[in-house]
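Heads up, the thing below is written out as structure tokens.
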Amino acid sequence: MLTAASIGAGDALALRIPTVLRAALGPHWEFTADGPRIEIQHPRRGTPYRPPRRLPSWTELLGSLEQGFADGGAPRAPCLPLRWGRETELTISAVQALDPLLKDGQARTYRSGFLPQPVVRFTGERDVSGLLSDGFLTSFVNISRVQPISSLDEYGAVLDGWLTVLSRLGFHARHLSMYGTLTPWRRREVEGITLHLHHLNLTIGDIVLLWNTERPDRLAVDLGTGLERLAWARTQMPWHDLIYGRFAQSAPRMTLDAIRHRHAPPWLRHRSGRARSRRNHAACHRRHRPGSCAFGRQRHGPQHL
């Protein structure tokens, strides 16, 4: 359960965020503040959006993201092990890569940079019949940029870099907006401030400023979205057809989601193109001592990551 953070370092950071983001994003964005709430929009919002004529493959989309983040100073990091084994049995978010820094107050992380992380979550939004709502999957690819930062200026630069990556993918700034509350939340030893990113009327991700409660100088940023949700926003295709392609009508949604959950897509394998053996995977798991993600968010707020 999340609680409001006590007055202190988080509030001081929150007060500086609007100024930092104005400097990072430049004069072409409108900032609106209402108490702790903030909204950032393009002056020419409301113009029609036209999806691209050509739909890239999953491999091409992931490659474009990797190149865009690398050009912005965030090279691709190896995926975390799928088995986490502490507070969560499976990896549920790329932010778990920051556990040593955020939870233990240590000056290290498991990973840093662009992290396209396969995750498993059983907390997706469902309709009244129990079926997953459009935009949610049990297993998906958490596209993230996770890294320690030494100043708020880096936080602003990460957001600006993300907008550049999105522009390369065909998203225009006038269709994007950011909003959130600058009141810090707290989960055990971690505090944070979350801003959400919208494309038109769809939430496609967020950026979270994070720090260790006892060591507020240990700052980090977690910027993320879901690969599938990003493609959904870009193409405007029906969710079911986008995710399952030619198999969309071959079985009930629940069955297709279960099959997808058990089989990792081959295009997500790391640059070598070869999956790790079980032995190497287990060794990697021991070496990096993966920890839990007690403070996750469902990409709609700090409750889940």
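Residue indices begin at 1 and follow the sequence shown.
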Phe171 ring center within less than 6.0 Å of His175 ring center: no
Are [X] and [Y] close enough that some pair of their side-chain heavy atoms sits under 4.5 Å apart?
{"X": "Trp162", "Y": "Ile207", "answer": "no"}
{"X": "Thr164", "Y": "Asp71", "answer": "no"}
{"X": "Gln96", "Y": "Tyr110", "answer": "no"}
{"X": "Arg229", "Y": "Ile143", "answer": "no"}

Distance in Å, Ile193 CD1 paired with Leu13 CG, rounded so as to fall on 0.5 Å steps: 6.0 Å
Asn142 CG to Ile92 CD1 distance, which is reported to the nearest 0.5 Å: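 Here the interatomic distance stands at 10.0 Å.
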Ion pair check, Arg253 and Asp134, cut-off under 4.0 Å: yes
Contact list for residues 207-221, test salt bridge (charged side-chain N to carboxylate O under 4.0 Å, His left out), sequence neighbours left out: Arg215-Asp217
CG (Asp127) with more than 12 external heavy atoms under 6.0 Å: yes
Side chain to side chain donor-acceptor pair (under 3.5 Å) contacts touching residues 18-32 (sequence neighbours left out): Glu30-Arg45
Same cluster (ILVMFWY, side-chain, under 4.5 Å), Leu197 and Tyr49: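 Result: no, two separate clusters.
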Counting distance only, does the side-chain N/O of [X] pair as donor-acceptor with the main-chain N or O of [Y] below 3.5 Å?
{"X": "Trp232", "Y": "Met237", "answer": "yes"}
{"X": "Arg145", "Y": "Phe69", "answer": "no"}
{"X": "Ser112", "Y": "Gln147", "answer": "no"}

Derivation and outcome, side-chain contact (heavy atoms from CB on, under 4.5 Å), residues Tyr155 and Leu219: CA-CA 9 Å; Tyr155 163 78; Leu219 288 169; over 6 Å; no
Worked verdict on Thr194 versus Asp206 for side chain to side chain donor-acceptor pair (under 3.5 Å): CA-CA 7 Å; Thr194 304; Asp206 52 31; 5.7 Å; no
Met254: hydrophobic cluster co-members (side-chain, 4.5 Å): Leu131
